[in-house]
Amino acid sequence: MLHNSNKIDWAVMSISGGLLLVFVLMSLFNAALVGEWVNTSFQFSTTYFGGFWQILMLLTFLIALAIAFSKYGRVQLGNMQTPEMSTFKWIAIIMCTLLAGGGVFWAAAEPMQHFLSSPPMYDEVESGTAEAILPAMSQSFLDWGFLAWAILGTLSAIVLMYGHFSKGMPMKPRTLLYPLFGEKIMHKSVLGTLVDAFSIIAVAAGTIGPIGFLGLQASYGINSLFGIPDTFMTQLTIIFALILIASISAVTGVHRGIQILSRFNVIFTFILIILVLLLGPGAFIIDSFIGGFGVYISDFFETSLYRGDGEWLSFWTIFFWGWFIGYGPMMAIFISRISRGRTIRELVTAVAIIAPIVTNFWFSVVGGSGIFYELQTAGSVSEPLDSGGMPAAMIAIVEQIPYGTALAAAFLLVTIVFVATTSDSMSFTISMAVTGGGNPSSMLRVFWAVTMGAVASVLLFIGESSVDALQSFIVFTAVPVSLILLPMLWLAPQVAGKMARDQGIVPNYSTTK
């Protein structure tokens with residue numbers, strides 16, 4: 001019997017909503033104190049958990065590959081013989097839900113930052129020279145590549161789909177630990193409640209951050225392109241529009257709003273990529289992608305496990321790892337919801353191979369163009385990046401391509417829709433986590449979409465430093481979540497083996513049921 005309740009778990013709702021409210025109220029009363037507390041917790045997380053996260057991410061990817069390309073890879077997930085949606089729609093939803101944080105701004109800024117200041121593992125390379133191109137691309141590929149995507153829904157999705165679709169457990173983060181604790185983690189369990197609440201807080205913080213940054217960055221972009229004043233009211237209007245789109249999309253559900261929005265954005269992004277390749281430095285982009293990818297693969301283990309410069313790591317790779325780990329359990333729920341009828345091999349290939357390669361190519365298109373123009377005219381991208389941050393870098397890059405203003409406006413639109421698709425997917429998923437059912441009520445979905453927008457708006461009102469504090473807070477929330485994801489390393493192979501025996505893919509030698 002599948003658990004498909006629409007009953008709200010008020011304990012989980014109160015803890016997750018309450019802690020977010022406390023964060024906002026404390027920021028209103030004393031933003032400096034909150035900033036100080038968050039920085040201390042950030043330092044603690046990166047110092048004591050950074051190395052653990054690097055090993056967790058690498059093992060998750062390697063074990064997911066091992067399961068996918070063994071006999072277990074043929075296991076059909078979700079008690080369904082044929083997939084619910086076409087492969088293109090399915091991959092489009094996965095891509096759009098997860099790329100929002102990276103979207104356009106990190107894709108423009110990160111390769112450029114690593115080009116201007118070579119990562120410490122490539123300290124023999126002279127920064128800002130042709131020699132620095134491939135290491136810069138390789139480091140960006142690492143931060144947004146195979147490991148980043150694998151933690152977001154390979155092993156955890158396998159375990160969750162088994163618990164929900166095969167054993168009738170609720171669609172909640174606590175179901176990840178069902179193979180370990182059995183049904184006692186399901187009902188009136190303190191551990192189960194904490195697992196759900198921490199997973200919701202981590203993903204809410206991880207989504208509110210990009211909403212707040214989008215308000216800042218899109219407002220800056222609209223100001224520089226169209227002269228509309230870059231004020232709090234402009235930022236608020238952008239967030240309001242974003243939440244309106246996200247709410248409508250979340251209410252209409254996975255098969256309508258979320259899917260239509262994702263499909264539009266993937267097609268539109270694909271058109272933008274073609275335009276940049278044709279109008280911009282196409283050959284350079286392709287060369288830097290292939291060369292950068294070669295360096296990424298050849299240095300894969302060394303860079304994945306690099307522990308040399310702790311301060312640099314916490315600013316780059318460990319910061320991203322914390323962010324992605326924080327999304328892990330909730331993304332497992334979302335991917336489980338849209339992946340019925342897929343095999344383990346299809347799931348791992350889509351999430352941990354296709355999506356990261358597409359992301360890396362997107363980084364090459366935007367960031368590679370930036371490096372090309374910076375090499376041609378020193379300061380043409382680095383100076384706007386220094387003075388105006390990530391949005392300034394994106395606009396400086398795109399405006400050097402023919403029809404630059406129109407392209408920059410299109411890039412802004414893509415970014416807004418990317419963040420909207422993440423907001424709608426996550427409000428839908430948080431609603432699933434507090435009810436345990438696959439189709440939570442529309443009111444609950446809208447409540448979470450509006451709440452995340454409201455929190456982002458309040459933090460923006462307090463000041464940009466409060467959004468920065470939330471970004472650092474994301475890393476702290478990843479500490480408990482990483483402990484939830486750790487058992488997936490051995491539970492996923494066990495569960496895959498059990499499903500393979502049940503489906504007759506491997507012989508069942510057991511004589512007992």
Side-chain angles (χ1 to χ4, degrees), residues 85-109 144 149 210-211 213-215 217-222 224-226 238-239 241-250 252 254-282 285-286 289 338 350 354-370 390-391 393-395 397-426:
M85 60 179 77
S86 75
T87 302
F88 176 74
K89 287 177 188 170
W90 178 57
I91 292 177
I93 293 176
I94 291 170
M95 291 292 315
C96 284
T97 302
L98 301 181
L99 197 51
V104 174
F105 295 118
W106 280 111
W144 295 87
W149 282 85
I211 293 170
F213 267 106
L214 182 85
Q217 293 167 340
S219 176
Y220 176 96
I222 288 167
S224 51
L225 290 174
F226 308 112
I238 291 161
I239 290 176
L242 178 88
I243 295 309
L244 188 64
I245 298 167
S247 299
I248 294 166
S249 179
T252 53
V254 166
H255 291 287
R256 289 182 64 198
I258 293 173
Q259 183 235 105
I260 291 164
L261 210 53
S262 302
R263 202 169 57 169
F264 159 79
N265 220 32
V266 164
I267 293 168
F268 196 48
T269 304
F270 186 66
I271 292 166
L272 276 182
I273 288 172
I274 300 291
L275 286 173
V276 174
L277 288 172
L278 292 174
L279 298 171
I285 290 167
I286 290 165
F289 170 68
I338 64 171
I354 295 171
I357 291 172
V358 173
T359 306
N360 291 165
F361 189 67
W362 172 246
F363 269 62
S364 302
V365 169
V366 186
S369 297
M390 293 197 282
M394 187 275 286
I395 287 161
I397 293 164
V398 179
E399 285 198 317
Q400 294 185 66
I401 301 169
Y403 311 106
T405 305
L407 275 177
F411 268 85
L412 273 179
L413 177 63
V414 157
T415 311
I416 289 167
V417 181
F418 264 134
V419 179
T421 49
T422 300
S423 306
D424 65 6
S425 306
M426 290 305 101

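What you find for Leu279 and Pro402 is that their closest heavy atoms are O-CD, 3.5 Å. The two residues Ser224 and Ile395 come nearest to each other via the heavy atoms OG-CD1, 3.3 Å. Residues Ser369 and Ile285 share a closest heavy-atom pair of OG-CD1, 3.4 Å. Scanning all heavy atoms of the two residues, the minimum distance from Ile239 to Gly215 falls at CG1-CA, 4.2 Å. Here the shortest heavy-atom pairing between Ser423 and Leu242 reads OG-CD2, 4.3 Å. Contact record, Leu412 with Ile222: CD1-N, 3.9 Å, taken as the closest heavy-atom pair.
Rounded to the nearest 0.5 Å, atoms CZ (Phe363) and CH2 (Trp144) are 5.0 Å apart. Taken from OH in Tyr220 to CE in Met394, the straight-line distance is 10.0 Å, to the nearest 0.5 Å. To the nearest 0.5 angstrom, Ser219 atom OG is 5.0 Å from Ile238 atom CD1. Between the CG atom of Asp424 and the CD1 atom of Ile93 there is a distance of 9.5 Å, given to the nearest 0.5 Å. For the atom pair OG1 (Thr359) and CH2 (Trp106), the distance works out to 15.5 Å, reported to the nearest 0.5 Å. The line from CZ of Phe411 to CG of Leu225 is 12.0 Å long, rounded to the nearest 0.5 Å.
Trp149 has its side chain out of reach of Ile357: every pair of non-hydrogen atoms, C-beta onward, lies at least 4.5 Å apart. Within the 4.5 Å cutoff, side-chain heavy atoms of Val358 are placed close to those of Met95. Side-chain contact check for Val266 versus Ile91: every heavy-atom pair is 4.5 Å or farther apart.
Residues passing the side-chain hydrogen bond (donor to acceptor under 3.5 Å, both in side chains) test with Thr87, sequence neighbours excluded: Arg342.
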May I have the list of side-chain donor-acceptor pairs in residues 269-278 shorter than 3.5 Å, sequence neighbours left out?
unit_1, atom_1, unit_2, atom_2, d
Thr269, OG1, Asn265, O, 2.6

(request) Evaluate the criterion side chain to side chain contact (heavy atoms under 4.5 Å, CB included) for residue pair Phe264 and Val417; output intermediate values, then yes/no. (result) CA-CA 9 Å; Phe264 159 79; Val417 181; 4.0 Å; yes
